Asker: 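Have a look at this one before I ask anything.
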There are 2 protein chains.
Amino acid sequence: MHLENIILQIKQRREELQITQETLAEIAEVGLRTLKQFESGKGNPTLQTITKISEVLGMELKLQIKPLNQIK
Amino acid sequence: MHLENIILQIKQRREELQITQETLAEIAEVGLRTLKQFESGKGNPTLQTITKISEVLGMELKLQIKPLNQIK
DNA sequence: TTTCTAAGTGCATTATATGGCTCTATTTTG
DNA sequence: CAAAATAGAGCCATATAATGCACTTAGAAA
């Protein structure tokens with residue numbers, strides 16, 4: 001699914017920046033448990049949660065029209 | 001905020017496609033109430049909800065690294 | 001191996017998203 | 001204009017996301 005990509009990106013980005021889940025959770029002001037669940041693919045996070053995390057990582061969610069050639 | 005852009009895009013896209021909230025909600029399989037709340041900026045929808053709605057509109061969420069010149 | 005650190009999980013509680021129903025307001029249509 | 005369609009909002013019940021705490025697991029380093 002597409003969600004997995006997002007999770008993977010977050011995880012990779014965090015690791016690139018060499019931040020632990022604990023630190024990221026603190027800075028982003030989300031519960032550590034929430035971040036752990038998210039990264040381990042367990043949850044269905046709210047937009048707010050993802051946004052908080054993304055921002056700390058210097059990322060953002062963009063909504064875009066699907067390319068036509070992407071029809072699977 | 002950035003969330004408003006997403007809401008606006010969803011709304012505009014829906015209107016371009018001339019679909020009512022009711023129809024979109026049905027096709028996307030989300031509650032009409034949920035869609036209404038989302039479009040009116042009231043909610044904090046889950047990723048699943050946004051994904052469902054986006055897909056029906058031929059859109060998708062992308063996570064990207066913020067452009068540097070975007071620092072406000 | 002032992003120790004330490006980071007990540008993942010079970011459980012319980014609280015907060016809140018979802019969704020149905022109803023009513024009102026606004027917009028569109030005839 | 002009146003009627004119909006559409007959107008927004010209040011109330012409420014249910015489902016579930018967010019969270020803390022404690023414990024387990026995995027991996028790295030000594």
Side-chain angles (χ1 to χ4, degrees), chain A residues 1-66 68 70-72, chain B residues 1-66 68 70-72:
Chain A
M1 214 258 261
H2 181 248
L3 175 42
E4 270 115 44
N5 289 325
I6 292 181
I7 295 175
L8 210 61
Q9 282 183 80
I10 294 270
K11 223 166 163 171
Q12 284 179 350
R13 176 77 171 164
R14 179 178 62 75
E15 282 161 5
E16 279 169 20
L17 298 176
Q18 299 197 315
I19 306 174
T20 63
Q21 289 179 337
E22 196 169 358
T23 304
L24 176 54
E26 274 174 24
I27 302 176
E29 296 184 294
V30 302
L32 176 56
R33 191 64 219 277
T34 303
L35 179 58
K36 282 177 186 298
Q37 274 189 5
F38 172 60
E39 281 199 9
S40 60
K42 294 286 156 44
N44 174 27
T46 61
L47 197 53
Q48 192 177 67
T49 297
I50 301 181
T51 301
K52 280 179 178 176
I53 295 169
S54 300
E55 278 182 359
V56 170
L57 297 174
M59 307 177 89
E60 64 182 354
L61 276 177
K62 281 281 187 184
L63 189 61
Q64 60 183 219
I65 298 182
K66 273 191 193 172
L68 285 181
Q70 190 179 312
I71 300 171
K72 42 158 193 338
Chain B
M1 215 258 258
H2 180 249
L3 175 41
E4 270 115 45
N5 288 326
I6 292 181
I7 296 175
L8 210 61
Q9 281 182 80
I10 294 272
K11 222 167 162 170
Q12 284 179 350
R13 177 78 170 163
R14 179 177 62 75
E15 282 162 4
E16 278 169 21
L17 299 177
Q18 298 198 315
I19 306 174
T20 63
Q21 289 179 338
E22 195 168 359
T23 304
L24 175 54
E26 273 174 25
I27 301 176
E29 295 183 294
V30 302
L32 177 55
R33 191 63 219 276
T34 302
L35 178 59
K36 282 176 185 299
Q37 274 189 6
F38 172 59
E39 281 199 7
S40 60
K42 293 285 153 48
N44 175 29
T46 62
L47 197 53
Q48 192 177 66
T49 298
I50 302 181
T51 301
K52 280 179 179 177
I53 295 170
S54 299
E55 278 181 359
V56 170
L57 297 175
M59 307 177 90
E60 65 183 354
L61 277 177
K62 282 279 188 184
L63 189 61
Q64 60 183 219
I65 297 182
K66 272 190 195 172
L68 286 181
Q70 191 180 311
I71 299 169
K72 42 158 193 330

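None of the values given here were measured: they were computed from a predicted structure. We name chains A, B, ... by the order of the sequence lines, and we start the count at 1 in each one.
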Asker: For A:Glu29 and D:dT19, give me the distance from atom CD to atom C1', rounded to whole Å.
Answerer: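 That distance rounds to 14 Å.
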
Asker: Nearest 0.5 Å, please: how far is CD1 in A:Ile50 from CG in B:Leu61?
Answerer: 7.5 Å

Asker: Can you check the A:Leu47 CG to C:dA17 P distance for me, whole Å?
Answerer: 11 Å

Asker: If I take atom CZ in residue A:Phe38 and atom P in nucleotide D:dT19, what distance separates them, rounded to the nearest angstrom?
Answerer: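 For the pair A:Phe38 CZ and D:dT19 P, the rounded distance is 13 Å.
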
Asker: Any side-chain N or O of B:Thr46 less than 4.0 Å from the OP1 or OP2 oxygen of D:dT16?
Answerer: no

Asker: Taking it one step at a time, do A:Thr23 and A:Thr20 satisfy side-chain hydrogen bond (donor to acceptor under 3.5 Å, both in side chains)?
Answerer: CA-CA 5 Å; A:Thr23 304; A:Thr20 63; 2.9 Å; yes

Asker: Any chance you could list the contact pattern along nucleotides 2-12 of chain D? Use B for base contacts, S for sugar-phosphate-only contacts and - for none, protein heavy atoms under 4.0 Å, 5' to 3'.
Answerer: ----SBBBBB-

Asker: Let me confirm one number: the CZ-CG distance from A:Arg14 to A:Leu24, rounded to the nearest 0.5 Å.
Answerer: 6.5 Å

Asker: Just how far, in rounded Å, is P of D:dT19 from CG of A:Asn44?
Answerer: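 Spelled out: CG on A:Asn44 to P on D:dT19 is 14 Å.
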
Asker: How close do A:Val56 and A:Ala28 get, counting heavy atoms only, and between which atoms?
Answerer: CG2-CA, 3.5 Å

Asker: Which nucleotides of nucleotides 25-30 of chain C have their base under 4.0 Å from a protein heavy atom (B), which only their sugar-phosphate (S), and which neither (-), written as one string 5' to 3'?
Answerer: ------

Asker: Return no unless some side-chain N or O of B:Thr34 is found under 4.0 Å from OP1 or OP2 of C:dA17.
Answerer: no

Asker: Take a 6.0 Å sphere around CD of A:Glu29 and say whether it holds more than 12 heavy atoms from other residues, nucleotides or ligands.
Answerer: no

Asker: Would you compute the distance between atom CD of A:Glu39 and atom CD1 of A:Ile53 and round it to the nearest 0.5 angstrom?
Answerer: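 It comes to 7.5 Å.
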
Asker: If you measure from NZ on A:Lys11 to CZ on A:Phe38, what distance do you get to the nearest 0.5 Å?
Answerer: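 Nearest 0.5 Å value for the NZ-CZ distance: 10.0 Å.
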
Asker: Measure the angle between the two terminal helix axes of the helix from C:dT1-D:dA30 to C:dG30-D:dC1, five base pairs each, and quote it to 10°.
Answerer: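 Helix axis angle between the two ends: 60°.
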
Asker: Please check if the number of heavy atoms outside B:Glu22 that lie under 6.0 Å from its CD is greater than 12.
Answerer: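 No, because the 6.0 Å sphere around CD of B:Glu22 holds 12 heavy atoms or fewer from other groups.
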
Asker: Is any side-chain N or O of B:Thr49 closer than 4.0 Å to OP1 or OP2 of C:dA17?
Answerer: no

Asker: Could you tell me whether the side chains of B:Lys36 and B:Gln21 share a donor-acceptor contact shorter than 3.5 Å?
Answerer: yes

Asker: Measure the distance from CD on A:Glu26 to P on C:dA6 and round it to the nearest whole Å.
Answerer: 11 Å

Asker: Grab the CD1-C1' distance between A:Ile7 and C:dA7 for me, whole Å please.
Answerer: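 The distance from CD1 of A:Ile7 to C1' of C:dA7 comes to 15 Å, rounded to the nearest Å.
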
Asker: In Å and rounded to the nearest 0.5 Å, what is the CD to CD distance from A:Gln9 to B:Gln64?
Answerer: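 The CD atom of A:Gln9 sits 9.0 Å away from the CD atom of B:Gln64.
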
Asker: Can you check the A:Leu32 CG to C:dT9 C1' distance for me, whole Å?
Answerer: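 Whole-Å distance recorded here is 12 Å.
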
Asker: Would you say the side chains of A:Thr46 and A:Thr49 form a donor-acceptor pair under 3.5 Å?
Answerer: yes

